[in-house]
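To keep things clear, I will list the structure first and then write my remarks on it.
Throughout, protein chains are lettered first and strands after them, A, B, ... in sequence-line order, and every chain is numbered starting at 1. Not measured: the values here are computed from a predicted model.
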Amino acid sequence: MSQQGITPREKDYSQWYLDVIAAGELVDKSPVRGCMVIKPHGYGIWEAVQSDLDARFKATGHVNAYFPMFIPQSFLSKEAEHVEGFAKECALVTHHRLRSAEDGGVEPDPAATLEEPLVVRPTSETIIWHMYGKWINSHRDLPLLINQWANVVRWEMRTRPFLRTAEFLWQEGHTAHATRDEAVEEATKMLGVYSDFAHETLAIPVIPGVKSATERFAGAEETYTIEAMMQNGWALQAGTSHFLGQNFAKAFDVTFQNSEGQLEHVWATSWGVSTRLVGAVIMAHSDDTGLVLPPKVAPVQVVLVPIWRKDEDKNRVLQFANSVRDTLGPSTRVHLDDREKMKPGAKYFEWERKGVPIRLEIGPRDVDANSVFCARRTGGKKFGIPVDDGFVAAVHAELTAIQDGLLQAATAHRDARTHRVDTYQQMKDQMDTEPGFFLVPWHDDAETERQIKDDCKATIRCFPLAYQGEQAGKACFYSGRPATHMAIFARAY
RNA sequence: CGGGGCGUAGCGCAGCCUGGUAGCGCACCUGCUUCGGGAGCAGGGGGCCGGAGGUUCAAAUCCUCUCGCCCCGACCA
């Protein structure tokens with residue numbers, strides 16, 4: 001990033017994204033390729049995501065647990081498709097000791113080679129299903145509804161902060177059910193939880209849908225997804241929920257005795273979202289001044305900037321600012337920026353770049369008037385708010401208005417960039433001039449799907465749930481064969 | 001694994017072509033004046049120029065080798 005500015009979105013979207021992350025002081029350079037050092041302000045966003053989501057999981061009957069990050073290598077080979085999907089990007093632990101080397105450094109001690117290498121989990125299905133086999137015996141043990149907050153490692157060739165990193169933080173829910181229907185219901189229910197969360201908390205209007213076979217999770221029978229649109233019209237998969245059938249139950253021999261006394265394999269789901277959501281929030285809302293955060297995930301929702309010129313003003317301004325902070329504190333994430341050797345203007349710019357929704361300026365004039373001067377990060381001019389009985393409610397009303405405004409703007413953008421086209425040529429033409437979601441009638445076929453990807457880099461993001469049925473009587477926009485689904489094509493991260 | 005680029009102060013860079021022993025901006029430290037939209041002035045600290053070898057009286061600069069990183073592709077449940 002240049003010293004003062006941020007690359008405009010229109011000029012170079014990728015650079016703009018990196019600039020916004022730098023301006024927001026979200027991450028620092030990592031000494032490890034592809035891994036992130038997440039600084040406090042960036043981690044604060046993730047913490048807000050975590051606490052909101054965790055409450056939603058609890059409300060739907062789930063509990064948290066924790067499983068080891070090291071998985072015996074042999075576990076990975078038990079489910080054929082699963083190993084196919086992940087084997088290419090696994091990190092291995094092969095030794096448990098270092099020794100001094102000739103060159104003065106250290107090296108793995110050959111005498112301390114592990115009998116069986118350990119895989120650093122790329123996802124936890126295998127070790128969790130190994131344990132579920134021990135925990136599940138009876139239909140009375142079902143359903144088993146467990147979530148884990150953890151880190152996982154996938155040795156990706158190309159990485160990008162938050163969107164695709166070698167190590168990332170996520171939650172993974174793993175559930176076991178007595179019947180197929182119950183498991184499918186769980187998978188779709190959790191997709192709904194994610195979708196609600198994206199709208200209500202992240203202010204991102206996602207499209208819930210089903211993945212095509214090509215894009216399906218390795219080992220799943222059905223993969224559900226929420227797809228978000230970024231400001232450049234590209235799609236970002238923001239969360240997934242999988243119906244795993246009995247694949248893992250069979251691979252790890254997890255059976256239960258039903259009420260008739262017969263043994264059956266259990267039915268499974270898994271679902272997850274990751275720190276990629278932080279990237280989604282950054283890309284969905286930020287502008288050419290820097291980060292823009294929805295109040296519900298902003299680590300600092302309100303920043304107070306005290307202003308004084310003379311020493312005699314300093315004390316009363318700070319005293320007033322402190323009381324304002326204490327008033328807002330119980331209900332709001334508020335920060336009083338009382339750094340002394342920094343001018344107010346410099347603070348304004350810093351907090352704007354960090355995406356803080358509301359800034360309250362407090363100077364001698366405001367103290368005299370018993371009010372604060374409010375500046376919103378998005379929408380509206382500065383205005384005074386009296387510090388009276390209605391003060392907290394007034395600030396919260398602004399936060400709500402900002403949150404709503406972001407969702408409205410993102411929804412308007414998504415709708416404007418969602419194109420219904422009838423022919424492939426139309427999509428191909430518009431993909432370069434106005435990229436976005438292309439809603440089309442589609443005859444499902446992995447081979448033609450691949451042809452399209454090779455030809456114009458667009459892939460099926462999902463078969464959106466809201467539009468299924470509309471394809472009836474229509475011809476596939478690419479092949480002309482009878483359409484089997486409504487599909488959304490887009491270029492994707 | 002292909003194609004391209006870059007390694008010089010904490011960060012971002014110039015200097016290299018045409019060798020003469022290192023500079024700029026930001027950040028940092030000290031002081032004074034400032035303070036309602038990115039402060040100004042003065043002074044100061046910090047780098048064996050990625051590494052090794054070679055040419056030379058002399059190498060950040062030229063030559064050879066090497067290591068690392070970044071970008072574009074391949075890859076991406």
Side-chain angles (χ1 to χ4, degrees), chain A residues 1-6 12 14-15 18-19 22-23 25 28-34 76 79 81-90 103 121-126 152-161 163-166 168 170 172 211-225 236-237 239-242 244 247-248 270-274 276 289-290 305-311 313-314 317 338-353 359-369 372-375 381-382 384 453-454 457 459 491-493:
Chain A
M1 182 179 60
S2 70
Q3 200 59 50
Q4 307 274 315
I6 287 177
D12 184 343
S14 295
Q15 190 58 50
L18 297 174
D19 286 354
E25 296 180 37
D28 202 352
K29 274 188 180 173
S30 164
V32 184
R33 189 204 75 100
L76 263 295
E79 212 288 331
E81 288 183 36
H82 194 62
V83 65
E84 178 82 13
F86 287 104
K88 297 186 292 273
E89 51 189 36
C90 282
D103 65 4
R121 62 183 167 212
T123 178
S124 302
E125 270 80 4
T126 56
V152 288
V153 170
R154 297 177 188 179
W155 216 261
E156 305 285 358
M157 287 175 173
R158 293 203 60 209
T159 59
R160 212 191 277 262
L163 299 182
R164 177 170 294 108
T165 49
F168 55 95
W170 77 344
E172 45 182 327
K211 282 293 188 189
S212 69
T214 314
E215 302 270 332
R216 195 178 285 152
F217 177 73
E221 284 196 15
E222 196 82 278
T223 289
Y224 301 92
T225 177
L236 182 72
Q237 180 175 306
T240 51
S241 179
H242 314 290
L244 300 174
N247 293 339
F248 286 92
S270 69
W271 27 273
V273 298
S274 71
R276 169 180 270 202
T289 303
V305 179
I307 301 157
W308 66 83
R309 190 191 304 249
K310 293 168 287 190
D311 267 356
D313 286 334
K314 176 182 167 184
V317 163
D338 57 3
R339 286 174 294 180
E340 300 220 0
K341 292 191 174 171
M342 201 168 176
K343 290 172 73 175
K347 293 180 181 177
Y348 299 167
F349 277 88
E350 180 177 319
W351 292 110
E352 272 163 17
R353 289 157 62 91
R359 180 180 73 243
L360 299 179
E361 305 171 12
I362 302 174
R365 295 202 296 264
D366 306 292
V367 178
D368 292 340
V372 297
F373 207 52
C374 174
K381 294 178 176 172
K382 295 207 244 182
K453 181 180 180 181
D454 292 346
K457 299 201 161 113
T459 53
R491 289 190 178 142
Y493 284 100

query: Side-chain donor-acceptor pair under 3.5 Å between A/Glu172 and A/Ser270, yes or no?
result: no

Close side-chain approach of A/Leu163 and A/Leu236, heavy atoms under 4.5 Å: yes

- prompt: Between the side-chain atoms of A/Glu350 and the base atoms of B/G37, is any donor-acceptor pair under 3.5 Å?
  reply: no

query: For atom P, what is the distance between B/U21 and B/U33, given to the nearest Å?
result: 41 Å

message: With rounding to the closest Å, how many angstrom separate the P atoms on B/A14 and B/C62?
response: 15 Å

- request: Sticking with atom P, work out how far B/G73 lies from B/U55, rounded to a whole angstrom.
  value: 44 Å

Write out a two-atom table: protein N or O, nucleotide N or O from nucleotides 2-7 of chain B, distance below 3.5 Å.
none

task: Assess the side chains of A/Tyr493 and A/Gln237: does a donor N or O sit below 3.5 Å from an acceptor N or O?
output: no

message: Closest-nucleotide mapping onto RNA chain B: is A/Gly34 or A/Trp308 further toward the 5' terminus? I mean the 5' end.
response: A/Trp308

Taking N or O atoms only and anything under 3.5 Å, show me the protein contacts with nucleotides 73-76 of chain B, one pair per line.
from  : atom 1 : to       : atom 2 : distance (Å)
B/G73 : OP2    : A/Arg158 : NH1    : 3.2
B/C76 : O2     : A/Arg164 : NE     : 2.9
B/C76 : O2     : A/Arg164 : NH1    : 2.5
B/C76 : O2     : A/Arg164 : NH2    : 2.6

- prompt: Picking from B/G36, B/G38, B/C35, which would you name as closest to the side chain of A/Phe349?
  reply: B/G38

message: Looking only at the side chains, is there a donor atom on one of A/His242 and A/Thr223 sitting less than 3.5 Å from an acceptor on the other?
response: yes

- request: Can you tell me, in whole Å, how much space there is between the C1' of B/A74 and that of B/G10?
  value: 36 Å

- prompt: Could one point to a donor on the side chain of A/Lys347 or the base of B/G36 with an acceptor on the other under 3.5 Å away?
  reply: no

field: Spacing between A/Leu360 atom CG and B/G36 atom C1', to the nearest angstrom
entry: 14 Å

task: Pick base, sugar-phosphate or nothing for A/Arg276, based on heavy-atom distances below 4.0 Å to the nucleic acid.
output: nothing

- prompt: If the C1' atom of B/G4 is compared with that of B/G38, how far apart are they to the nearest Å?
  reply: 37 Å

query: Taking the same atom, C1', in B/C65 and in B/A9, what whole-Å distance lies between them?
result: 28 Å

task: Taking atom C1' in both B/A52 and B/G15, compute the distance separating them and give it to the nearest angstrom.
output: 24 Å

Nearest-nucleotide 5' precedence on RNA chain B, A/Phe86 against A/Arg33: A/Arg33

field: Residues that A/Trp308 engages under ring-ring contact (aromatic ring centres under 6.0 Å, His included), provided they are two or more places apart
entry: none

field: Side chain to side chain, A/Trp155 and A/Arg33, heavy atoms closer than 4.5 Å
entry: yes

